[in-house]
There are 2 protein chains.
Amino acid sequence: MRVESARVAIVSGGGCVGSVPKSGYLAIKGYISTMIRSKEWPPGHLLPTETELAAQFDCARATVNRALGELAEEQIIDRRRKAGSRVRDGRERMANLKIQFPCREIEAMGKDHRYVSLKREMCALPMLLQNIGETRLEDQCLRTEGVHYASETPFQFERSWFRRNAFPELFQEGGKVKAPCITLLEKNPFYHGSLCVSASKANHIEARHLGIKVGEPLINKEYILTDGLEGTPVAVMQIRYKPDYSISCIF
Amino acid sequence: MRVESARVAIVSGGGCVGSVPKSGYLAIKGYISTMIRSKEWPPGHLLPTETELAAQFDCARATVNRALGELAEEQIIDRRRKAGSRVRDGRERMANLKIQFPCREIEAMGKDHRYVSLKREMCALPMLLQNIGETRLEDQCLRTEGVHYASETPFQFERSWFRRNAFPELFQEGGKVKAPCITLLEKNPFYHGSLCVSASKANHIEARHLGIKVGEPLINKEYILTDGLEGTPVAVMQIRYKPDYSISCIF
DNA sequence: AAGTGGTCTAGACCACTTA
DNA sequence: AAGTGGTCTAGACCACTTA
């Protein structure tokens, strides 16, 4: 009975077609979304208080609080104590971008993943892996280059650096060399870090191994991975894609 | 007293340094995060039930439910009724990417935004703006080209298409031409849509207006905007950036 | 000082999923 | 049939912010 009255409020309030909310807090969320997206409540508009909405939907304030909390997390509204909830100006939005390491990205396309190692050498710690304020620079680094194949087609050129004391197992490998990303994921599937997307021209090595011409545009992803507990940067992965590759997301 | 016991559990449970949770549900969240990120609970591990955690932290089950609910939303754990909560294998992550229209992106850098219109012409509806299953193709389209300046430096080359019946105001403009994105944001700040990032070579027009050489790599963003209430595609914006531009996010 | 959101409690009923 | 998570209630106390 109570839920029914909320549903009626939605349909009459905004004409939200085809989305029947299953439960109370989603009904409230849908009603408010509709009011905002139909511009009945424009940016800057002050929403009713939680208490008022609870009365309007004949539900507990906690239910309203959940609905408004999710809308705030989705950056549709701004909430401040005493000041109330306001419709945001929607000029900045967030989209969800999927983060996938090379091996996983190829598997997700339904293709076989194969890694061909081109280079493995020790080097000094690059700037990107140096902690801010860090004085001990004695730590060594493994620099790798290799190509990831998606079912016999070269798909990604990878150039990476791994801090030695974070990945001792990478320095003990003999025989067939595994893709570095596989070792990473086996070690810790919950890395945090940053991703930077840019464009560059293919140099001779990249062009040869990706099967394109020198100077063709490449899309680059550069991951900087940090250790989950301490936040120390432990690895840099630079991944280059042929120009037919693109990155998509919805918002 | 109750909160205190939860805090003790965190510190002893995982050695989470420097992050003192302010309230109960964050304490529980922090404890579980630490157990997972320290690999004490590996991927696939079955978490205690909500009831067990509520007893352990001496709090209500709703408090545990909030903590677990947020961890599920962050894709750290998977939750299923009767089956319980399990640690996810972390091979796919999500990062938040900021969506900013050209004018807003330049303002956010603290620079002045100026738009120079290069072309405005009518054309047929491009494929990208055709609704799936749509039969009425009589709708016309405005095609624009222009450059966005960030304090006198050309920053973005924009090529866009706007469905006429969605943006009648764009077709009535006289005098100085506003940047299309400004008209869009004034009309509706809450567009949904998709973003596709790719790379290409600068052609003559793009190179001349961005002040770079023909053939230099560009980063492209292509937005397809849909109407908030009906989901119809109403505009396509192709934005090209010089190769010194990059897109960053954290995860 | 007063209003508003943030969080928590103790209990409830239900939905879903597995055994 | 039984266990688990999903959601809701009615009430409470507190934190923050504005007037």
Side-chain angles (χ1 to χ4, degrees), chain A residues 1-10 19-32 41 44-88, chain B residues 1-10 19-32 41 44-88:
Chain A
M1 195 63 171
R2 299 189 160 186
V3 173
E4 276 315 302
S5 71
R7 282 184 188 161
V8 169
I10 279 190
S19 64
V20 181
K22 289 119 203 160
S23 63
Y25 90 90
L26 287 175
I28 300 168
K29 224 182 129 176
Y31 166 71
I32 295 169
W41 292 351
H45 178 85
L46 186 64
L47 270 64
T49 65
E50 293 191 348
T51 312
E52 286 166 354
L53 284 166
Q56 180 180 338
F57 281 86
D58 191 17
C59 67
R61 188 170 73 86
T63 305
V64 175
N65 180 269
R66 176 164 186 186
L68 293 179
E70 289 196 2
L71 288 168
E73 195 161 348
E74 292 164 21
Q75 302 170 76
I76 307 294
I77 63 173
D78 260 337
R79 315 195 72 199
R80 270 168 42 237
R81 284 174 182 160
K82 168 73 180 172
S85 301
R86 284 182 187 277
V87 179
R88 285 189 66 157
Chain B
M1 194 63 171
R2 300 189 159 186
V3 173
E4 276 316 300
S5 70
R7 282 184 187 161
V8 169
I10 279 190
S19 63
V20 180
K22 291 119 202 160
S23 63
Y25 90 90
L26 287 175
I28 300 169
K29 223 182 130 177
Y31 166 71
I32 295 169
W41 292 351
H45 177 86
L46 186 64
L47 270 65
T49 65
E50 293 191 348
T51 312
E52 286 166 353
L53 284 167
Q56 181 181 338
F57 282 86
D58 192 16
C59 68
R61 188 170 73 86
T63 306
V64 175
N65 180 271
R66 175 164 187 186
L68 293 180
E70 290 197 1
L71 288 167
E73 194 162 349
E74 292 164 21
Q75 302 170 77
I76 308 293
I77 62 174
D78 260 335
R79 315 195 72 199
R80 270 168 43 236
R81 284 174 181 161
K82 167 72 180 173
S85 301
R86 286 181 187 278
V87 179
R88 285 189 66 157

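So that the names make sense, note that chain A is the first sequence line, chain B the second, and so on, each numbered from 1. Every value quoted in this text rests on a predicted model; they were computed, and no experiment measured them. We use all heavy atoms of the structure for the numbers below, so side chains are in, but hydrogens, waters and symmetry mates are not.
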Whole angstrom value for the distance that separates C1' of dC8(C) from NZ of Lys29(B): 17 Å

In whole Å, I'd like the distance from the CD1 atom of Ile28(B) to the C1' atom of dT7(C). 12 Å

For nucleotides 1-3 of chain D, tabulate all protein N/O to nucleotide N/O atom pairs closer than 3.5 Å, reporting atom names and distance.
residue	atom	partner	partner atom	Å
dG3(D)	O4'	Lys82(B)	NZ	3.4

Residues from residues 63-79 of chain A lying under 4.0 Å of DNA chain C - heavy atoms: Asn65(A), Arg79(A)

It should be established whether Ser85(B) places a side-chain nitrogen or oxygen under 4.0 Å from OP1 or OP2 of nucleotide dG5(D). yes

If you assign each of Thr51(B) and Ala62(B) to its closest nucleotide in DNA chain D, which residue comes earlier from the 5' end? Thr51(B)

Residue set satisfying salt bridge (charged side-chain N to carboxylate O under 4.0 Å, His left out) with Arg88(A), at least two apart, ordered chain then number -> none

Between CG of Leu46(A) and P of dT17(D) the distance, given in whole Å, is 17 Å

I'd like to check the side-chain contact (heavy atoms from CB on, under 4.5 Å) partners of Ala72(A); sequence neighbours left out, ordered by chain and number. Ile77(A), Arg79(A)

Thr63(A) OG1 to Leu68(A) CG distance, which is reported to the nearest 0.5 Å: 11.0 Å

Quickly work out the Arg61(A) CZ to dA10(D) P distance and round it to whole Å. 13 Å

Secondary-structure stems for DNA chain D, with pairs counted as Watson-Crick or G-U when both distances are under 3.5 Å and runs at least 3 long: C:1-18 with D:1-18

The side-chain contact (heavy atoms from CB on, under 4.5 Å) partners of Glu70(A) (sequence neighbours excluded) come to Tyr25(A), Lys29(A), Arg66(A), Glu74(A)

Approximate separation, where rounding is to 0.5 Å, of Leu53(B) CG and Asn65(B) CG: 11.0 Å

Measure from CG on Leu26(A) to P on dC14(C) and round the result to the nearest Å. 19 Å

Closest nucleotide of DNA chain C for Glu52(A) versus for Ala60(B): which of these residues is on the 5' side? Glu52(A)

